[in-house]
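Values in this document were obtained by computation on a predicted structure and should not be read as measured data. Basis for what follows: all heavy atoms, side chains included, without hydrogens, waters or symmetry-related copies.
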Amino acid sequence: QVQLVESGGGLVQVGGSLRLSCAVSGRTFSSYAMAWFRQAPGKEREFVAAVRWSGDSARYGDSVKGRFTISGDNAKNTVYPQMNSLKPEDTAVYYCAARNSPVLVTANWAYNYWGQGTQVTVSS
């Protein structure tokens, strides 16, 4: 059974930084793609970023390009989005997701496994 556990959420001021973590357990993920999505109240779940465990490719949503960086640590089975220059519109519940394919896609239905989410609040 695959398990994804997010951590690192919290309250941060506008312009600040935050690093989330997603600890993955239950299976070998060398051929998997890992992603982060977010969902604000009353809005649809939005693609944030995705990365292959091999680290040779990453993909970002338009709203976070240039501000967020996603990376993975194979030794720790953990994926991190580093979030910089945070804005109030970044406020949301952030979810980690995994799919059993190395192809980086933005559709949430393409991901097989999900974490429980962690709240990020950016105050102005």
Side-chain angles (χ1 to χ4, degrees):
Q1 182 71 17
V2 175
Q3 291 186 333
L4 308 178
V5 179
E6 303 98 333
S7 61
L11 177 65
V12 62
Q13 292 186 335
V14 170
S17 297
L18 203 60
R19 190 178 81 158
L20 305 180
S21 298
C22 174
V24 186
S25 61
R27 189 168 295 185
T28 301
F29 295 95
S30 60
S31 62
Y32 278 43
M34 301 296 301
W36 284 85
F37 289 78
R38 66 187 183 186
Q39 190 165 19
K43 295 188 177 181
E44 294 185 353
R45 193 164 294 191
E46 176 190 16
F47 172 77
V48 174
V51 67
R52 293 188 188 132
W53 277 115
S54 60
D56 60 350
S57 182
R59 186 172 181 179
Y60 296 92
D62 289 341
S63 61
V64 307
K65 280 180 182 177
R67 300 188 297 122
F68 289 15
T69 302
I70 187 170
S71 61
D73 185 332
N74 288 337
K76 296 181 178 180
N77 276 352
T78 303
V79 178
Y80 308 98
Q82 175 67 44
M83 308 186 297
N84 299 326
S85 302
L86 285 163
K87 306 174 182 180
E89 50 265 43
D90 294 319
T91 295
V93 177
Y94 283 71
Y95 296 92
C96 179
R99 69 188 299 254
N100 48 8
S101 165
V103 179
L104 304 180
V105 298
T106 63
N108 58 22
W109 54 260
Y111 288 83
N112 309 96
Y113 309 102
W114 290 85
Q116 81 288 352
T118 185
Q119 176 71 46
V120 172
T121 303
V122 184
S123 65
S124 56

Point to revise | Heavy-atom pair of closest approach, residues S57 and L104 | key: OG-CD1, 3.5 Å
Point to revise | Spacing of R19 atom CZ and S17 atom OG [to the nearest 0.5 Å] | key: 12.0 Å
Review point. Looking only at heavy atoms, which two atoms of S21 and W36 are closest? And how far apart?
Key: O-CH2, 3.6 Å
Review point. Under 3.5 Å, is there a donor-acceptor pair between the side chain of R52 and the main chain of P102?
Key: yes
Practice item. Applying side-chain contact (heavy atoms from CB on, under 4.5 Å), run through W53 and V79 and close with a yes or a no. Key: CA-CA 9 Å; W53 277 115; V79 178; 3.5 Å; yes
Exercise for review: Show your working on side-chain contact (heavy atoms from CB on, under 4.5 Å) between V64 and R38 and close with a plain yes or no.
Suggested key: CA-CA 11 Å; V64 307; R38 66 187 183 186; 3.9 Å; yes
Review point. How many angstroms lie between atom CG of L86 and atom OG of S123, to the nearest 0.5 angstrom?
Key: 10.5 Å
Review point. Out of curiosity, does M34 fall in the hydrophobic cluster containing V2 (side-chain heavy atoms, cut-off under 4.5 Å, transitive links)?
Key: yes
Study note, to complete from the structure: When every non-hydrogen atom of C96 is compared with those of E6, the smallest separation belongs to N-OE2, 2.8 Å
Practice item. Report yes or no: does T91 contribute a side-chain atom to a donor-acceptor pair with the main-chain N or O of V122 at less than 3.5 Å? Key: yes
Practice item. Check whether any side-chain heavy atom of V120 lies under 4.5 Å from a side-chain heavy atom of M83, and answer yes or no. Key: yes
Review point. Just wondering, do P88 and V14 contact through their side chains at under 4.5 Å, heavy atoms?
Key: yes
**Study point:** Whether over 12 other heavy atoms sit under 6.0 Å from Q13 CD
**Key:** no
Exercise for review: Using ring-ring contact (aromatic ring centres under 6.0 Å, His included) as the criterion, list what pairs up with F37, not counting sequence neighbours.
Suggested key: F47, Y111, W114
Review point. With no hydrogens and no angle check, is any side-chain donor or acceptor of N100 less than 3.5 Å from a backbone partner on N112?
Key: no
Exercise for review: Walk me through it: do V24 and Y32 pass the test side-chain contact (heavy atoms from CB on, under 4.5 Å)?
Suggested key: CA-CA 11 Å; V24 186; Y32 278 43; over 6 Å; no
**Study point:** Where A110 and V105 come nearest, the two heavy atoms and their spacing
**Key:** CB-CG2, 3.5 Å
Point to revise | Spatial distance of atom CD (Q82) from atom CD1 (I70) [nearest 0.5 Å] | key: 12.0 Å
Practice item. Before giving the answer on side-chain contact (heavy atoms from CB on, under 4.5 Å), spell out for Y80 and T69 the whole-Å C-alpha distance, their side-chain angles and the decisive distance to 0.1 Å. Key: CA-CA 8 Å; Y80 308 98; T69 302; over 6 Å; no
Revision key, fill the gap. Heavy-atom nearest pair, A92 first then A40, reads CB-N, 3.8 Å
Review point. From F68 CZ over to D90 CG, what is the distance, rounded to the nearest 0.5 angstrom?
Key: 4.0 Å
Exercise for review: Return the minimal non-hydrogen interatomic distance between C22 and L4, and the atom names on each side.
Suggested key: SG-CB, 4.0 Å
Review point. Charged N to carboxylate O under 4.0 angstrom, D62 versus K65?
Key: yes
